[in-house]
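Here the structure is a predicted model, which means the values were calculated and not measured. One is the number of the first residue; the rest follow in order along the sequence. Hydrogens, waters and symmetry mates are skipped; everything else that's a heavy atom, side chains included, is used.
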Amino acid sequence: MKRLSCLLPLLWLAGCSSVPKAPPNAPQPAVPPALPVSVISMPVTLDLDQVAAQVLKALPSPVAGGSQTMVLRVRFNPAGERPLEPGSCSISALDCLKKKAAQAVAVDYTAPVETVITHQVYLRDLNLRLTGNRFALAAQAEFAINSRFKSKLAQFGVASCGVNEAMPRVEFTLGGTLGWSPAGDVVITPEPWGLKWLRPCNITAFQLNLESLLNLPGVREQVREAMQAALADALKQVSLRASLVRVWPELNAPREVQPALWLLPQPERVAFVEPVGNGRMVTTGLAVQARPVLVSGARPAPAVPPVPRPERSVSGEGVHLALKGDIALADAAALLNRQLAGKPIKAGEHSVQIDNIRLYGYQDKAVIGLLLSKPVQAEIFLLGKPVFDVEKNEVRFEQLEYSLGTRDFLTRSASWLLGGTFRSTLEQRARFRFDDDMAGALKEFRDLRRDIGHGLVLRGGIDRVRPLGLYFTQERLEVQVLIDGRLALESAAK
């Protein structure tokens, strides 16, 4: 008996030496994954009715005018208009005119006539539509025409059409494609013009049909050149190259998302978006490949690189933006203590009392140290996977397992804790709210709108937010999330 009493202190010391040893505070260095490339859009929408109105306004009135001299064979008193009297004669007969004068005999003949035609062309309507990249232009024009006819035989005076009466009307049509040059200027690739008479004009005194007489030689070219020049001038206002040069400094400027948090777009490459029409409206614009980041602290002052040479296209879709938040480990431990310390936790038929909690990192795991006062007085350690819930802005822990030293200790002192009940309860209750600043930034970015001048606003939106990783340092817990969304420069009028 005396021998046993001598061994008790040794057994007690052996028990003390088996208290779990804390894993070292040695987190694995954070290596955030590479982000996908982003594309910032700068949409441009054209209303072709407005373009057509500008073209009409820019064209002179009349849009074309002048005179032409032509030698035509004009038929006088064509057969069929009234029956010829018996004894009608040919113009080649020497006594024909005498007979005509004396007996009013009908004369039916054609003769070469020198014709001087003076014209003025007025553009009355213009319709422009684009389907895909193919455009269709239809322009209606009216004419005022005076014609003076002369021949070696006689002078017949002046005939007119569209003077003090309804003007003849024609429709010019033009098809082709619309695109951008490598410099970002509008390129019109036209096809041959078409011509359709909507209201023909016959100078009835001589049955002179203007469609066959003129077919608008020279006039058509004047109208075509005038309208094509006016159309090009109207479209120059949407020169993407000029737009790019104007907004490039703003594309590089930081934008404050919330106090002391800045969005830095960091554009790299640029492409022009080919125009696509659905009739009246045309959509085109710029696609800017970028690697945007969020920077905290004082306003950054990035250098503005030269405007890049535009390319045919850039890769990427949408905007992908990393957002980082953090919390001090001491603060995180305080939040966990508020949740769990001093509150008995049921584990089956048993109860566990936690007096204090500490939190840190070891390799890629979270270490939770629990100082227990019940059922044993000791500090035990659990290792698990830290998880960030974006929607709840909350950190929790999954797959909690005891450290090797803790498992050995509990095997000898409180083996019932080795079951899953206590660990499951801990996984449910050991959680805390994370960085409210990060939650505020996410809320702000869901409907971002910043005026950048030049009649443009920067608009942002979020499609989804997903965690990139949860990382420990010696003193802090950091969370990085990936924002998948949209970023665009749009007209402030929208």
Side-chain angles (χ1 to χ4, degrees), residues 1-28 327-389 392 394-434 470-472 474-477:
M1 188 70 180
K2 182 176 180 181
R3 183 177 180 182
L4 181 60
S5 62
C6 293
L7 289 174
L8 286 176
L10 296 175
L11 291 173
W12 182 83
L13 290 172
C16 291
S17 63
S18 63
V19 171
K21 183 179 180 181
N25 184 353
Q28 183 174 292
I327 187 172
L329 292 177
D331 294 338
L335 293 173
L336 287 174
N337 275 297
R338 193 179 303 169
Q339 289 287 103
L340 299 169
K343 302 172 183 178
I345 299 175
K346 288 291 184 181
E349 298 179 355
H350 303 276
S351 179
V352 178
Q353 182 82 26
I354 300 173
D355 289 347
N356 189 55
I357 299 174
R358 60 172 166 154
L359 176 68
Y360 59 94
Y362 172 65
Q363 296 183 355
D364 62 342
K365 303 289 187 181
V367 178
I368 302 177
L370 304 178
L371 183 61
L372 305 182
S373 59
K374 185 180 179 181
V376 293
Q377 293 184 350
E379 186 177 29
I380 63 173
F381 299 93
L382 296 98
L383 286 76
K385 176 184 177 183
V387 176
F388 178 64
D389 188 317
K392 296 180 179 179
E394 184 180 78
V395 173
R396 67 176 187 273
F397 304 92
E398 295 179 350
Q399 303 170 18
L400 287 177
E401 297 289 345
Y402 294 113
S403 68
L404 184 59
T406 297
R407 178 172 290 278
D408 292 341
F409 172 75
L410 292 178
T411 299
R412 292 187 295 270
S413 58
S415 60
W416 53 268
L417 274 176
L418 295 176
T421 303
F422 176 68
R423 285 179 289 129
S424 177
T425 301
L426 203 60
E427 288 179 0
Q428 292 297 319
R429 296 180 58 180
R431 53 186 65 200
F432 57 89
R433 186 169 177 81
F434 196 61
L470 203 61
Y471 310 103
F472 283 93
Q474 291 286 331
E475 298 179 347
R476 306 191 74 82
L477 175 61

Any side-chain to backbone donor/acceptor pair from [X] onto [Y]? Under 3.5 Å, distance only.
X    : Y    : answer
D355 : L371 : no
E427 : L400 : yes
D389 : E394 : no
S424 : G420 : no

Contact between [X] and [Y] at the side-chain level, heavy atoms closer than 4.5 Å - yes or no?
X    : Y    : answer
V19  : E379 : no
L417 : S415 : no
W416 : P375 : yes

Check [X] against [Y] and note the closest heavy-atom contact, atom names and distance.
X    : Y    : result
G369 : F381 : CA-CD2, 3.6 Å
L383 : P23  : CD1-CG, 4.2 Å
L340 : R429 : CD2-CB, 3.6 Å
P386 : F397 : CA-CD2, 4.0 Å

Distance (rounded to the nearest 0.5 Å) between [X] [atom1] and [Y] [atom2]:
X    : Y    : atom1 : atom2 : value
Y360 : I368 : OH    : CD1   : 11.0 Å
Q28  : F472 : CD    : CZ    : 12.5 Å
R358 : L336 : CZ    : CG    : 13.5 Å
L426 : I357 : CG    : CD1   : 7.0 Å
L477 : L329 : CG    : CG    : 6.5 Å
E398 : R431 : CD    : CZ    : 8.5 Å

- Query: Does a side-chain N-to-carboxylate-O contact under 4.0 Å join E401 and K365?
  - Reply: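 No.
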- Which class fits the ring pair F422 and Y402: parallel under 30°, tilted 30 to 60°, perpendicular over 60°? parallel
- Could you walk me through whether V387 and V395 pass the side-chain contact (heavy atoms from CB on, under 4.5 Å) test, one step at a time? CA-CA 6 Å; V387 176; V395 173; over 6 Å; no
- Quick one: salt bridge (charged side-chain N to carboxylate O under 4.0 Å, His left out) partners of E475, sequence neighbours excluded? none
- Task: Go through L382 and T406 one step at a time and tell me if the side-chain contact (heavy atoms from CB on, under 4.5 Å) criterion holds.
- Result: CA-CA 8 Å; L382 296 98; T406 297; over 6 Å; no
Output a table of donor-acceptor pairs, distance under 3.5 Å, between side-chain atoms of residues 341-353 and any protein atom two or more places apart or on a different chain; print 'none' if there are none.
from : atom 1 : to   : atom 2 : distance (Å)
K343 : NZ     : R338 : O      : 3.0
Q353 : NE2    : G342 : O      : 3.4

